[in-house]
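Written out below as structure tokens is the structure these notes cover.
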Amino acid sequence: MIVVDSNVIAYLYLPGEFTSAAEALLERDPEWIAPALWRSELRNILTGYVRRELMTLEQAVAIQREAEALLAPGEADVDSGVVLGLAAQSGCTAYDCEFVALAKAFGISLITMDKALLSAFSDVAQPLIRPKPLKDLLLDPDARAEPPPAKRGRTAARRAPGTDA
């Protein structure tokens, strides 16, 4: 079981640079949990895609519903006092600290690409993709990061409903 932030959830459903890493993560650890806040954050991300005409409203609704089906069993409440304390201590947003509070409450990792969370909460926050060492970047400037190794086997591709690929 792991806590995933809203961006990791979005990476799973919106094809892009981190999609394969999110798919590999789901394959490795399919029990994802998150505070209920993730729903509103994903809705906001999807709204941006619709407004920029990168997907239709119908596609956005379908993605939201699919994500809700995946995460509904793992939604958990967080203690407001803990969230506010983490936000005050770290300077991170209370929104982001909801995910941290949940990870700390369960004693599990938070998977994120949020640099502020990774820095402030290195005890629980882990990156979805680990950056390549500087020496590798100098040798290959196009190499940014390595996704974690995926299990061999079939990985279900999640694409925007109604699109090919």
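It should be emphasised that the depicted structure is a prediction, and the values quoted were computed from it without experimental measurement.
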## Note on the structure
Taken to the nearest 0.5 Å, the spacing of Leu70 CG from Glu31 CD works out to 11.0 Å
### Query
Are any non-hydrogen side-chain atoms of Asp96 and Asp114 less than 4.5 angstrom apart?
yes
Taking only distance into account, with no hydrogens and no angle test, what donor-acceptor pairs under 3.5 Å do side-chain atoms of residues 42-51 form with protein atoms, sequence neighbours excluded?
| from | atom 1 | to | atom 2 | distance (Å) |
| --- | --- | --- | --- | --- |
| Arg43 | NH1 | Ser40 | OG | 3.4 |
| Thr47 | OG1 | Arg43 | O | 2.8 |

### Query
Does Gly16 offer a backbone N or O that forms a donor-acceptor pair with the side chain of Thr19 under 3.5 Å?
yes
### Query
Looking at CG of Leu102 and CG of Leu37, how far apart are the two atoms once the value is rounded to the nearest 0.5 Å?
11.0 Å
### Task
Say whether Glu98 and Trp38, considering side chains only, have a donor N or O and an acceptor N or O under 3.5 Å apart.
no
### Query
Any link between Leu84 and Leu117 through a network of hydrophobic side chains (Ile, Leu, Val, Met, Phe, Trp, Tyr) touching at under 4.5 Å?
no
### Query
Looking at CG of Leu86 and CG of Asp79, how far apart are the two atoms once the value is rounded to the nearest 0.5 Å?
9.5 Å
### Query
Can you list the steps and then say if Lys104 with Phe99 is a side-chain contact (heavy atoms from CB on, under 4.5 Å)?
CA-CA 9 Å; Lys104 286 181 177 278; Phe99 295 89; over 6 Å; no
### Task
Quick one: pull up CD1 in Ile2 and CD1 in Ile108 and give me the separation to the nearest 0.5 Å.
8.0 Å
### Task
Decide yes or no for Glu23 and Phe18: does some side-chain heavy atom of the first lie under 4.5 Å from some side-chain heavy atom of the second?
no
### Summary
salt bridge (charged side-chain N to carboxylate O under 4.0 Å, His left out) filter on Arg65, not counting sequence neighbours, yields none
### Task
Could you tell me the separation between the OG atom of Ser20 and the CG atom of Leu25, rounded to the nearest 0.5 Å?
11.5 Å
### Query
Should Gln64 and Tyr13 count as side-chain neighbours, where that means a heavy-atom distance under 4.5 Å?
no
### Message
Quick check for you: to the nearest 0.5 Å, what is the distance between Thr112 atom OG1 and Leu128 atom CG?
### Response
8.5 Å
### Message
Count I, L, V, M, F, W, Y as connected when their side-chain heavy atoms are under 4.5 Å apart, and connections chain through other members. Are Leu118 and Ile9 then in the same cluster?
### Response
no
### Query
Heavy-atom distance under 4.5 Å between the side chains of Trp32 and Leu12, does that happen here?
yes
### Residues that Gln126 engages under side-chain hydrogen bond (donor to acceptor under 3.5 Å, both in side chains), provided they are two or more places apart
Ser109
### Task
Indicate yes or no: at least one non-hydrogen side-chain atom of Ser6 is less than 4.5 angstrom from one of Tyr95.
no
### Message
So Met113 and Pro127, do their side chains get closer than 4.5 Å, heavy atoms only?
### Response
yes
### Task
Could you go through the side-chain contact (heavy atoms from CB on, under 4.5 Å) check for Met55 and Ile63 one step at a time?
CA-CA 10 Å; Met55 70 174 52; Ile63 289 170; 3.6 Å; yes
### Message
Tell me the closest heavy-atom pair linking Ser90 and Cys97, and the distance in Å.
### Response
OG-SG, 3.9 Å
### Query
For Thr56, does its backbone N or O pair with a side-chain atom of Gln59 as donor and acceptor, under 3.5 Å?
yes
